[in-house]
Amino acid sequence: MAEPQLFVLDPIQRLRPTKDSSVALMQAAQRAAQQVWVATPAELSVKGLEPGHEPLVRAQLITLADIRPTSGGWELPEPWYSLGEPVWLPLTHFPRVWMRKDPPVDEAYLYATHLLELAAFKGVRVLNHPAALRSWNEKLGALRYSHLMAPTLVSAQVEQLAAFAAEQGEVVLKPLGGRAGQGVVRTAADAPGLRALLELVTQQQAMPVMAQAFLAAVTAGDKRILLVDGEPLGAINRRPADGEFRSNLAVGGAAEATELSERERQICAELAPALRSEGLFFVGIDVIGDRLSEINVTSPTGVREVERLGGVPLADLTMERLLAG
């Protein structure tokens, strides 16, 4: 009998099947003879009765169509999925549960990780581990490896941020809860209105932001490297659009095939032990030049682009490692 796998994610109707890594992973699970089920975080619950707590989920069985790469993109059947009726099941029904809800990491997201952690206590393998999802902020988590990064400051203080900009000349300001390049600003020490900008992004010195030295190497691209159980299995280069410094695909960056440099392999090797020990099975890191930029743990993207541009069956390789573990 096929083993069930659950994916906790945004409503399936919102996913873009030719772009979304979650869809690629679900298809790989289906090809590996797994039953694929879906639910949203709001469909998680837990019941506390003797002899102990029981985590539950209202889930739907999903069947996915075959989505094939073509020379210009993807061949997308319509409809590309069909859903069964919702049914309440114990989370322990699923040996493996993927938490693939996109940010923001808000209260609802955090509560979902707590509910999933109760399932993990019962022996369910949650990917990525709920405690790690809470503790590895995608901007701040990289600071565990600050020696691999560009000069960086996290602060809510305008004077401190302005002084850092004066030291570095040109900086990039990142909201700590941002995603896909949203809200990222490039500015300079001598830019008119710098202090007003710093007041705005820190919400009048109430909210810390990340300031990093601007790396001119970003014009050649920002590399997304996907690590599975600590090992880099695929990568793409994301080149900014003309007149833009942000390379995220969501803001117009163009994906290109790429290979890993020796330095990038060294970065991956240094991160691997902590990723494995903390249950961060599927991770996407961003590297500009030879500098680590971010460690993405919530719902890393890039699988579709690696598969189409690099010819690497990344989702299938991921599923092989998961089921062998």
Side-chain angles (χ1 to χ4, degrees), residues 5-9 20-22 24-26 28-29 41 91 94-105 109-121 123-149 176-180 210 222-236 260 264-287 291-303 306 312 314-325:
Q5 239 178 88
L6 174 67
F7 287 76
V8 179
L9 31 65
D20 200 291
S21 294
S22 296
L25 292 166
M26 287 191 289
L91 271 170
F94 303 96
R96 300 168 185 88
V97 173
W98 291 83
M99 175 53 165
R100 292 280 306 177
K101 169 73 175 69
D102 281 343
V105 178
Y109 185 100
L110 293 173
Y111 292 146
T113 67
H114 285 290
L115 294 175
L116 288 171
E117 195 161 19
L118 290 170
F121 289 146
V124 176
R125 186 174 182 186
V126 183
L127 313 151
N128 287 319
H129 194 280
L133 289 175
R134 292 193 298 271
S135 64
W136 284 70
N137 174 275
E138 299 190 337
K139 305 295 188 297
L140 297 176
L143 283 168
R144 304 182 189 204
Y145 303 92
S146 58
H147 60 287
L148 301 176
M149 301 171 68
L176 298 181
R179 62 177 292 268
M210 174 176 280
D222 171 356
K223 197 169 289 189
R224 163 59 58 88
I225 305 171
L226 290 165
L227 294 91
V228 177
D229 200 24
E231 183 176 345
L233 293 189
I236 53 167
L260 295 187
E264 288 160 349
R265 291 190 181 279
Q266 290 171 357
I267 291 173
C268 293
E270 186 165 344
L271 300 180
L275 300 182
R276 292 189 184 110
S277 68
E278 298 198 34
L280 291 169
F281 177 77
F282 191 81
V283 170
I285 69 169
D286 298 336
V287 178
R291 300 281 190 165
L292 176 67
S293 175
E294 294 182 12
I295 301 175
N296 299 275
V297 302
T298 51
S299 56
T301 60
V303 173
V306 169
V312 178
L314 183 58
D316 290 321
L317 292 173
T318 300
M319 206 54 57
E320 281 179 22
R321 290 186 178 239
L322 176 61
L323 297 178

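Distance check: Trp136 CH2 to Arg144 CZ gives 4.0 Å after rounding to the nearest 0.5 Å. Atoms CD1 and CD1, from Ile295 and Ile225 in turn, are 11.0 Å apart once rounded to the nearest 0.5 Å. Summarising the geometry, atom OG1 belonging to Thr301 is positioned 7.5 Å from atom CG belonging to Asn296; distances are rounded to the nearest 0.5 Å. In this structure, the separation between CG on Leu133 and CG on Leu280 is 7.0 Å, given to the nearest 0.5 Å.
Asp102 places none of its side-chain heavy atoms less than 4.5 Å from the side chain of Thr298. Residues Tyr145 and Ile267 are not in side-chain contact: their nearest non-hydrogen atoms beyond the backbone lie 4.5 Å or more apart. Residues Leu322 and Val228 form no side-chain contact, since every pair of their non-hydrogen atoms from C-beta on lies 4.5 Å or further apart. Inter-residue side-chain proximity for Gln266 and Leu148 is flagged as unmet; no heavy-atom pair is nearer than 4.5 Å. The shortest distance between side-chain heavy atoms of Leu9 and Lys101 does not fall below 4.5 Å. No side-chain heavy atom of Val306 sits under 4.5 Å from any side-chain heavy atom of Arg224. Between Met99 and His129, the closest side-chain pair of non-hydrogen atoms is not below 4.5 Å. Within the 4.5 Å cutoff, side-chain heavy atoms of Ser135 are placed close to those of Glu278.
Scanning both residues, Met149 and Leu292, for their nearest heavy atoms gives CG-O, 3.3 Å. Nearest heavy atom pair, residue Met210 against residue Lys139, reads CE-O, 3.3 Å. When all heavy atoms are compared, the tightest approach of Val312 to Leu233 is CG1-O, 3.6 Å. For the pair Pro41 and Ala112, the tightest heavy-atom approach, listed with the atom from each and the gap, is CB-CB, 3.8 Å. In terms of heavy atoms, Asn128 sits closest to Val297 at ND2-O, 2.8 Å. Among all heavy-atom pairs drawn from Gly284 and Leu226, the shortest one is CA-CD2, 3.9 Å.
Exactly one residue among Leu227, Leu271, Asp229 makes a side-chain contact (heavy atoms from CB on, under 4.5 Å) with Arg276. That residue is Asp229.
Using a distance-only test at 3.5 Å, with no hydrogens or angles considered, a donor-acceptor pair links the side chain of Ser21 to the main chain of Val303.
For Arg125 and Phe281, the positive end sits near the middle of the six-membered ring, less than 6.0 Å away and at most 45° from its axis.
In this pair, Phe7 and Trp98 present their aromatic rings parallel. The plane angle is below 30°, not in the 30 to 60° band.
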